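Since the structure comes first, as structure tokens, the remarks are kept for the end.
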Amino acid sequence: MTDEKQEIVADILRLKKERNAVILAHNYQRGEIQDVADFLGDSLGLTQQAARTKAEVIVFCGVHFMAETAAIMNPDKRVIIPDKEAGCSLASMISAESLRRWKEEHPGAVAVTYINCTAEVKAESDYICTSTNALKVVEAIPPDREILFAPDQFLGTYLQEKTGRKMHLWPGYCHVHNRIKTDEIVRLKAEHPRAEFVMHPECGCLTSCMPLADKVASTEGIVKHVGRSPREEFIIGTDAGILHRLRKENPRKTFFPAAEEATCEFMRLNTLEKLLWSLEDLEVKVVVPEEIARKARRAIQRMLEVGDPGGSVQPLPEHPLD
Ligand code: 13P
Ligand code: SF4
């Protein structure tokens, strides 16, 4: 690391203390950001951390919907994001209005929405889920209830496959995970026959790649699997940003990205410099109007209760939430 970068890191750590701030970072963030984070994780872990932190300021190094989720869980805290342009192609594939119309077409159906969506879409949902707990969430819904699953069609397909349950799927996808191709997986597996292939359920090649995979999991699930596996080589089917953490935590293991070009441009908008500026100015603040936050919180809370083995599971209402 250059002297200049080291100075920035020192300033970040000093300001973090002065501001009573916590730095939460997603597994796809630039390595330099991962290295200064207080907590590194997937969408579920970051939501849980945001829900329980005692810090006054949450600096969210991830994309906008993730920072919004932290703001929804912490109406009294200041949540800031280093670059407000850090969006998500998948989240932008469904609007609250289109979800409302879809629900009207299926009265009585339960709307399960992947956390990669806006606060307004969360407010229209009965349940939120992440790739870590989606299976549990779907299994918690009585078998006689119709399910609308949005916006990721590939995670939806994976859930149908695992549960044997038919759901209505919104045709959304992540443009980064769409860059991972079956042909390349087949080639990499032939080139590295001892390697395990682990993939994220957002992959566009899910249907043809799932039979080739040793593990399908969220980013945190991938980190855990790799850490526990006795194998020494891994083909990683998700955003290549995760390789920084995998290599750091497993220095003796070797990792091959399924696609070098599969890196989320939105995630990479956050830089060490922007993180420092955000701590200096306590900007850019992420605000969710309370009326929307209140409804969205209900759907997120329901997800957290399903995923918490010690928690009480809130029964699903007889009628979908209004
Ligand atoms: P995880 O919850 O698995 O970290 O996924 C978030 C995401 O945006 C994947 O593209
Ligand atoms: Fe969104 Fe895809 Fe980027 Fe994840 S990798 S934040 S789903 S655009």
Side-chain angles (χ1 to χ4, degrees), residues 26-28 41-46 88 90 112-116 127-140 147 149-167 169-190 192-231 233-243 245-246 249-250 253 255-259 262-264 267 303 306-307:
H26 186 264
N27 287 323
Y28 296 161
D42 64 359
S43 309
L44 179 64
L46 294 169
C88 167
L90 177 56
V112 180
T113 311
Y114 190 33
I115 197 162
N116 296 42
Y127 272 102
I128 299 304
C129 71
T130 74
S131 41
T132 295
N133 59 22
L135 210 53
K136 277 190 185 155
V137 168
V138 168
E139 281 167 351
I147 298 178
F149 188 84
D152 191 78
Q153 61 179 299
F154 298 109
L155 175 59
T157 304
Y158 171 76
L159 295 169
Q160 291 198 140
E161 192 82 16
K162 292 303 255 189
T163 59
R165 190 159 173 174
K166 195 90 189 84
M167 304 189 294
L169 306 183
W170 191 262
Y173 62 90
C174 157
H175 76 290
V176 177
H177 286 84
N178 248 21
R179 294 176 187 152
I180 295 168
K181 306 284 183 209
T182 314
D183 290 357
E184 186 57 9
I185 301 300
V186 171
R187 194 191 65 76
L188 283 166
K189 278 177 75 89
H192 308 287
R194 283 192 302 274
E196 270 193 338
F197 168 48
V198 289
M199 70 185 286
H200 196 281
E202 278 178 27
C203 286
C205 60
L206 183 105
T207 315
S208 46
C209 276
M210 219 169 119
L212 307 175
D214 295 285
K215 181 84 183 167
V216 181
S218 72
T219 58
E220 200 59 28
I222 291 175
V223 172
K224 282 198 184 118
H225 177 81
V226 161
R228 288 182 195 137
S229 171
R231 295 279 190 97
E233 295 183 350
F234 300 86
I235 299 162
I236 305 297
T238 191
D239 180 306
I242 199 172
L243 295 176
R245 181 167 172 201
L246 291 175
E249 293 183 9
N250 305 278
K253 294 183 177 177
F255 300 96
F256 309 102
T263 48
C264 179
M267 285 279 181
M303 160 186 91
V306 167

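No experiment lies behind these values; they were computed from the predicted model shown.
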Nearest 0.5 Å, please: how far is [atom2] in [Y] from [atom1] in [X]?
X      : Y      : atom1 : atom2 : result
Lys181 : Cys203 : NZ    : SG    : 10.5 Å
Asp152 : Ser131 : CG    : OG    : 9.0 Å
Asn133 : Glu139 : CG    : CD    : 11.5 Å
Leu243 : Ile236 : CG    : CD1   : 6.5 Å
Asn178 : Leu90  : CG    : CG    : 10.0 Å
Cys88  : Asn116 : SG    : CG    : 4.5 Å

So, do [X] and [Y] sit near enough that their side-chain heavy atoms are less than 4.5 Å apart?
X      : Y      : answer
His26  : Leu46  : yes
Lys162 : Val216 : no
Phe234 : Ser229 : yes
Ile147 : Val138 : yes
Leu169 : Gln160 : yes
Thr113 : Pro151 : yes
Cys209 : Thr182 : yes
Val226 : Phe255 : yes

Grab the two heavy atoms, one from [X] and one from [Y], that are nearest each other, plus how far apart they are.
X      : Y      : result
Leu206 : Pro211 : O-CD, 4.5 Å
Phe154 : Gly204 : CE2-O, 3.3 Å
Gly237 : Ala258 : CA-CB, 3.8 Å
Cys264 : Val176 : CA-CG2, 3.6 Å
Ile180 : Ala262 : CG1-CB, 4.0 Å

Please identify each residue that fulfils ring pair (Phe, Tyr, Trp, His ring centres under 6.0 Å) with [X], with sequence neighbours left out.
X      : answer
Tyr114 : none
Phe149 : none
Phe197 : none

* Asked: How would you list, by chain and number, every residue that makes a side-chain hydrogen bond (donor to acceptor under 3.5 Å, both in side chains) with Asn27, sequence neighbours excluded?
  ->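 Partners of Asn27 under the side-chain hydrogen bond (donor to acceptor under 3.5 Å, both in side chains) test: Thr219, Glu220, Arg245.
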
* **Results of side-chain hydrogen bond (donor to acceptor under 3.5 Å, both in side chains) for Ser218 - residues two or more places apart only** =>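 Here the qualifying residues are Asp42, Thr132.
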
* May I have all residue pairs that pass ring pair (Phe, Tyr, Trp, His ring centres under 6.0 Å) and include part of residues 199-223, sequence neighbours excluded? =>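 Residue pairs with at least one partner in residues 199-223: His177-His200.
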
* Asked: In this structure, are over 12 heavy atoms from other groups packed under 6.0 Å from Glu161 atom CD?
  -> no

Could you pull out all residues at least two apart from [X] that satisfy side-chain contact (heavy atoms from CB on, under 4.5 Å)?
X      : value
Thr207 : Thr157
Glu184 : Arg187, Leu188
Thr263 : Asp239, Ala240, Arg268

* Criterion side chain to side chain contact (heavy atoms under 4.5 Å, CB included) on Met199 and Leu212, from CA distance to verdict -> CA-CA 10 Å; Met199 70 185 286; Leu212 307 175; over 6 Å; no

* To do: Apply side chain to side chain contact (heavy atoms under 4.5 Å, CB included) to Met167 and Leu159, showing your working.
  => CA-CA 9 Å; Met167 304 189 294; Leu159 295 169; 3.7 Å; yes

* Taking only residues at least two apart or on different chains, which pairs with a member in residues 194-215 satisfy salt bridge (charged side-chain N to carboxylate O under 4.0 Å, His left out)? ->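 Found none.
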
* With sequence neighbours left out, which residue pairs that include part of residues 222-231 fulfil the salt bridge (charged side-chain N to carboxylate O under 4.0 Å, His left out) condition? -> none

* Asked: By salt bridge (charged side-chain N to carboxylate O under 4.0 Å, His left out), which residues pair with Glu233, not counting sequence neighbours?
  ->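 For Glu233 there are no salt bridge (charged side-chain N to carboxylate O under 4.0 Å, His left out) partners, ignoring immediate neighbours.
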
